[in-house]
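See below for the structure under consideration.
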Amino acid sequence: MQEKIENYCLVGFGTHAKNKLLPSLEKTHKNIFGIVSSKNKLNLEYDHYNDLQVALEKSNKSTIFIIASPPKVHFRQMNKIIKAERNIFVEKPIFTSFYQAKMIQNFLKGKNLFIVELLMYKYTKLYEKFGKIWEKKKKMCTKIECFFYIPSVPDGTFRNKIDLTSSPLYDIGCYILSLLVDLKIPLEKIKIINKTIKNNKILSLSMSGFYNDLEIYTEFGIKKEYKNSVKLQFGKDQHILFEKFFYGIKEKKQILFCKRNKFKFLSIEDNNGFEKIFNCSNSFWLQNQSERFHNISIVNKKLSSLKTELKLLGNIK
């Protein structure tokens with residue numbers, strides 16, 4: 001039975017929170033307790049707090065906090081919120097170091113609290129379909145290709161900062177690494193093979209590696225044209241292509257099946273991943289928390305390793 005969730009509080013109110021998170025909460029008829037933002041005016045009907053501590057003091061045990069602030073402050077904000085014994089959703093990337101992931105995981109042991117990373121693509125119909133196909137055909141798969149390019153990042157946001165934790169490595173790479181971990185593909189042998197740097201800032205990365213006989217190849221970052229897909233290759237003459245794979249908002253998506261130059265298309269009217277996440281019960285998140293944090297730790301360990309590798313390769317902060 002669905003547990004009653006009394007209210008939600010948004011922490012950070014940038015474009016993403018305004019255009020994606022708040023509408024998803026409203027559409028699922030959630031009670032919104034308030035919004036924490038350093039902005040002077042929001043022009044909204046909800047209570048506005050300039051300070052997270054004030055919002056915590058005004059909240060109750062049923063308040064779920066949604067952190068949508070820059071990644072570098074996630075850990076500090078999470079510490080405050082979990083010490084007040086409130087549940088938390090956090091925008092990706094949830095952490096900026098392996099140490100942070102392990103600290104929060106250890107704190108949560110034995111506590112009736114959950115923390116969820118908002119990787120909304122995992123809660124779509126397309127991802128569910130992908131999972132079923134993967135389980136059925138993974139032993140025959142010879143190569144998996146993941147592409148995720150965006151044409152630009154919004155001005156005046158953390159994504160314009162020069163440090164690596166604000167770069168596509170963390171902001172976009174976390175999507176792909178989390179997918180590979182979910183597929184139980186070890187990340188140790190996946191290496192950087194190419195990179196694009198401009199003004200000491202990483203713009204894009206290419207990585208590749210092998211897991212037994214399975215080849216892994218991925219590209220992600222900022223380029224002129226948007227690209228968002230996952231491709232499963234089966235030998236030379238067969239593949240399945242999942243378009244808009246990492247896109248978690250309601251959208252018409254497509255799966256392309258190709259075998260010996262014969263094509264078949266499957267269209268999917270996909271759901272909003274955020275809405276599905278916000279409709280899951282507290283018990284659902286508590287039941288799978290150990291597995292989620294195990295995977296989060298693996299992803300953050302790899303991100304930390306790649307960060308070190310990139311710093312050694314060039315003048316990057």
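Computed from a predicted model, the values in this text were never measured in an experiment.
- Using a distance-only test at 3.5 Å, with no hydrogens or angles considered, a donor-acceptor pair links the side chain of Asp51 to the main chain of Val54.
- Both Met120 and Phe114 are members of a single hydrophobic cluster when ILVMFWY side chains are connected at heavy-atom separations under 4.5 Å.
- For Asn199 (side chain) and Lys201 (main-chain N/O), no donor-acceptor pair under 3.5 Å exists by modelled atom type.
- In this structure, a donor-acceptor pair under 3.5 Å is present between the side chains of Thr96 and Gln100.
- The backbone N or O of Ser62 sits less than 3.5 Å from a side-chain atom of Asn60, completing a donor-acceptor pair.
- For the pair Lys227 and Glu225, the salt-bridge criterion is not met [side-chain N within less than 4.0 Å of a carboxylate O].
- Val116 and Phe75 are assigned to two separate hydrophobic clusters, defined by single-linkage of ILVMFWY side chains at heavy-atom distances under 4.5 Å.
- Put simply, the side chain of Lys250 never gets that close to the backbone of Asn272: no donor and acceptor are under 3.5 Å apart.
- We find that Glu135 and Lys132 are not joined by a salt bridge, their nearest charged nitrogen and carboxylate oxygen being 4.0 Å or further apart.
- For the residue pair Gln105 / Lys102, a side-chain donor-acceptor distance below 3.5 Å is found, with atom types taken as modelled.
- In this structure, Phe293 has its ring center no closer than 6.0 Å to that of Trp285.
- Between Thr124 atom OG1 and Tyr127 atom OH the span is 9.0 Å, to the nearest 0.5 Å.
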Checklist entry - Where do Leu266 and Gln254 land on the side chain to side chain contact (heavy atoms under 4.5 Å, CB included) test, with the steps shown first? => result CA-CA 6 Å; Leu266 174 65; Gln254 186 169 262; over 6 Å; no
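- Not a single donor-acceptor pair under 3.5 Å links the side chain of His239 to the backbone N or O of Lys231.
- In the hydrophobic cluster analysis, where Ile, Leu, Val, Met, Phe, Trp and Tyr join through side-chain heavy atoms closer than 4.5 angstrom, Tyr247 is grouped together with Ile133.
- For the residue pair Glu215 and Thr142, no side-chain donor N or O sits within less than 3.5 Å of a side-chain acceptor on the partner.
- The residues Asp171 and Lys92 are annotated as salt-bridged, a charged nitrogen and a carboxylate oxygen being separated by less than 4.0 angstrom.
- Tyr49 contributes atom OH, which lies 10.5 Å from atom CG of Leu56 (distance to the nearest 0.5 angstrom).
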Next on the checklist: Is there a side chain to side chain contact (heavy atoms under 4.5 Å, CB included) between Phe220 and Cys146? Walk through the geometry before answering.
Outcome noted: CA-CA 8 Å; Phe220 58 91; Cys146 306; over 6 Å; no
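- No side-chain donor from either of Asn279 and Thr28 sits under 3.5 Å from a side-chain acceptor of the other.
- A donor-acceptor pair under 3.5 Å is absent between the side-chain atoms of Ser305 and the main chain of Lys301, judged by distance alone.
- Between Phe130 and Phe245, the distance separating the two ring centers is shorter than 6.0 angstrom.
- Not less than 6.0 angstrom separates the ring centroid of Phe242 from the ring centroid of Tyr121.
- Phe148 is connected to Leu126 through a chain of hydrophobic side-chain contacts under 4.5 Å among Ile, Leu, Val, Met, Phe, Trp and Tyr, so both are in one cluster.
- Formation of a donor-acceptor pair under 3.5 Å by the Lys302 side chain with backbone atoms of Cys174 is not found in this model.
- For CG of Asp213, the number of neighbouring non-hydrogen atoms (other residues, nucleotides, ligands) closer than 6.0 Å is 12 at most.
- Here the two rings, on Phe278 and Phe89, have centers that are under 6.0 Å apart.
- Comment: Glu117 does not engage Arg292 in a salt bridge, judged by the lack of any side-chain N to carboxylate O separation of less than 4.0 angstrom.
- Proximity of a side-chain donor or acceptor of Asn228 to a complementary backbone N or O of Phe246 within less than 3.5 Å is detected.
- Test Lys252, Lys125, Lys253, Lys276 against Asp270 for salt bridge (Lys or Arg N to Asp or Glu O under 4.0 Å) and you get one pass: Lys253.
- Counting non-hydrogen atoms of neighbouring residues, nucleotides and ligands closer than 6.0 angstrom, the NZ atom of Lys189 reaches no more than 12 such neighbours.
- Tyr211 meets the side chain to side chain contact (heavy atoms under 4.5 Å, CB included) test with Ile185, Pro186, Ile216; sequence neighbours excluded.
- Side chain of His74 to backbone of Pro93: a donor-acceptor contact under 3.5 angstrom is found.
- Ion pairing between a basic and an acidic side chain is recognised when a charged N comes within 4.0 Å of a carboxylate O; Arg260 and Asp237 show such pairing.
- Within 6.0 Å of CD on Glu57 lie more than 12 heavy atoms contributed by other residues, nucleotides or ligands.
- For Asn106, the CG atom counts as densely surrounded, since its 6.0 Å shell holds more than 12 non-hydrogen atoms of other residues, nucleotides or ligands.
- Side-chain atoms of Lys39 come within 3.5 Å of backbone atoms of Phe13 as a donor-acceptor pair (strictly under, hydrogens ignored).
- In this structure, Asn40 places its CG atom where only 12 or fewer heavy-atom neighbours from other residues, nucleotides or ligands lie under 6.0 Å away.
- Residue-environment remark: OH (Tyr99) stays at or below the threshold of 12 foreign heavy atoms within 6.0 Å.
- Nearest heavy-atom pair across Lys61 and Ala84 is NZ-O, 4.0 Å.
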